[in-house]
Amino acid sequence: MAPIVSVENLTHAFGKGALRKSVLMNVELALYPGEVVILEGPSGSGKTTLLTLIGALRSVQQGSLKILGQELHGARKQQLMKTRNQIGFIFQAHNLLACLTSQENVSTSLKLHKHIPKREYRPRSEEILKAVGLGDHIDAYPKNLSGGQKQRVAIARALVSRPKLLLADEPTSSLDSKTGRNVVEIMQRLARDEGCAVLLVTHDNRILDIADRILHMEDGRIGS
Ligand code: ADP
Ligand code: MG
């Protein structure tokens with residue numbers, strides 16, 4: 001089975017000259033369809049940097065990074081954008097658009113997929129919002145939602161297009177334990193049913209058991 005993500009010898013640094021700081025050192029990682037992998041490790045160890053590289057949100061400096069068959073090292077902007085559109089992202093901050101309802105926020109990610117007809121936006125968005133327990137808040141604006149509800153809208157937005165790769169950075173940190181559990185179980189189901197690979201950064205030891213593998217990151221290196 002071909003990996004969805006293949007990272008080889010990936011090295012990354014921030015800053016220049018005397019201020020240059022190595023953040024990732026020779027990282028190796030492969031993610032396969034249908035697996036849920038948790039990445040944990042101390043703050044500052046490079047987890048978010050790795051996730052944003054895999055998500056085509058920053059340029060590769062050194063090493064190889066293949067996402068859904070596409071090499072990102074040296075890839076053009078257009079290609080990075082294309083890869084990015086095929087990935088579901090969930091960040092710590094939910095980044096919802098304040099002027100859009102839950103349903104409209106979720107629909108924004110369907111608009112990136114030209115083959116999905118407009119008339120499907122609402123039913124698809126409603127279905128996934130119900131699945132994350134927001135059936136009563138489909139037309140609500142973010143200002144009328146709690147922190148946990150906003151995070152669930154963000155999760156619905158990442159899942160609605162059924163991506164082959166889901167990247168989540170501390171997605172349960174603002175959720176109570178029951179909601180957090182629900183949310184990761186939805187991700188797990190997506191992985192099982194759709195052959196999606198899920199990479200989940202978390203400190204939340206209440207959800208470690210949903211992982212097929214747990215990777216430990218320290219000082220820019222992955223051990224296990
Ligand atoms: P983690 O997610 O594991 O907490 P990060 O990947 O956010 O770690 O950060 C790793 C290191 O890189 C930290 O020392 C952080 O200060 C530094 N860093 C992260 N982003 C930047 C940036 N944009 N510019 C400079 N340094 C950064
Ligand atoms: Mg981080």
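Small disclaimer: the values here were computed from a predicted structure and weren't measured. Only heavy atoms go into these numbers, but all of them, side chains included; no hydrogens, no water, no symmetry mates. One-based numbering, in listed order, for ligands and for the atoms of each.
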Requested in this report: Could you check if a side-chain atom of Leu110 sits within less than 4.5 angstrom of a side-chain atom of Arg124, using non-hydrogen atoms only?
Outcome: yes
shortest atom 19 (C) of ligand 1-to-protein heavy-atom contact is with Phe14 CE1, 3.5 Å
Next item on the list: Could you tell me whether the side chains of Glu40 and His216 share a donor-acceptor contact shorter than 3.5 Å?
Entry: yes
Within Thr49, is some N, O or S atom less than 2.8 Å away from the Mg ion (ligand 2)?
no
Sorted by chain and residue number, the ring pair (Phe, Tyr, Trp, His ring centres under 6.0 Å) partners of His137 (sequence neighbours excluded) come out as none
for atom 3 (O) of ligand 1, nearest protein heavy atom and its distance come out as Lys47 NZ, 2.8 Å
For Phe89, the ring pair (Phe, Tyr, Trp, His ring centres under 6.0 Å) test, sequence neighbours excluded, returns Phe91
Arg157 side chain to Ser109 side chain, donor-acceptor N/O pair below 3.5 angstrom
no
Quick note on ligand 1: atoms under 4.0 Å from a heavy atom of Val23 include exactly 10 (C), 11 (C), 12 (O)
Atom 15 (C) of ligand 1 has as its nearest protein heavy atom Lys21 NZ, 4.7 Å
Min over Gly220, Gly15, Ala13, Gly46 of heavy-atom distance to atom 8 (O) of ligand 1 lands on Gly46
Taking only non-hydrogen atoms of Pro42 and a 4.0 Å limit, the atoms of ligand 1 in range are 3 (O)
The protein heavy atom nearest to atom 7 (O) of ligand 1 is Thr48 CB, 3.7 Å
Counting from 1 in the order shown, the ligand 1 atoms closer than 4.0 Å to a non-hydrogen atom of Ser43 are 4 (O)
- Does Met217 reach ligand 1, in the sense of a heavy atom lying below 4.0 Å from it? no
among protein heavy atoms, the one nearest atom 5 (P) of ligand 1 is Thr49 OG1, 3.7 Å
Nearest non-hydrogen protein atom to atom 4 (O) of ligand 1, with distance, is Gly44 N, 2.7 Å
request  = Answer yes or no: does an N/O atom from Arg58 fall short of 3.5 Å to an N/O atom of ligand 1?
outcome  = no
Do Glu104 and Thr108 have a side chain donor and acceptor closer than 3.5 Å?
no
Side chain to side chain donor-acceptor pair (under 3.5 Å) with Glu185: of Arg189, Arg181, Gln188, only one passes, and it is Arg181
Practice prompt. Taking atom CG of Asp212 as the centre, report whether more than 12 heavy atoms of other residues, nucleotides or ligands fall under 6.0 Å from it.
Written response: yes
Discussion item. If we count only N and O atoms by modelled type, under 3.5 Å, do the side chains of Gln61 and Thr11 hold a donor and an acceptor together?
Written reply: no
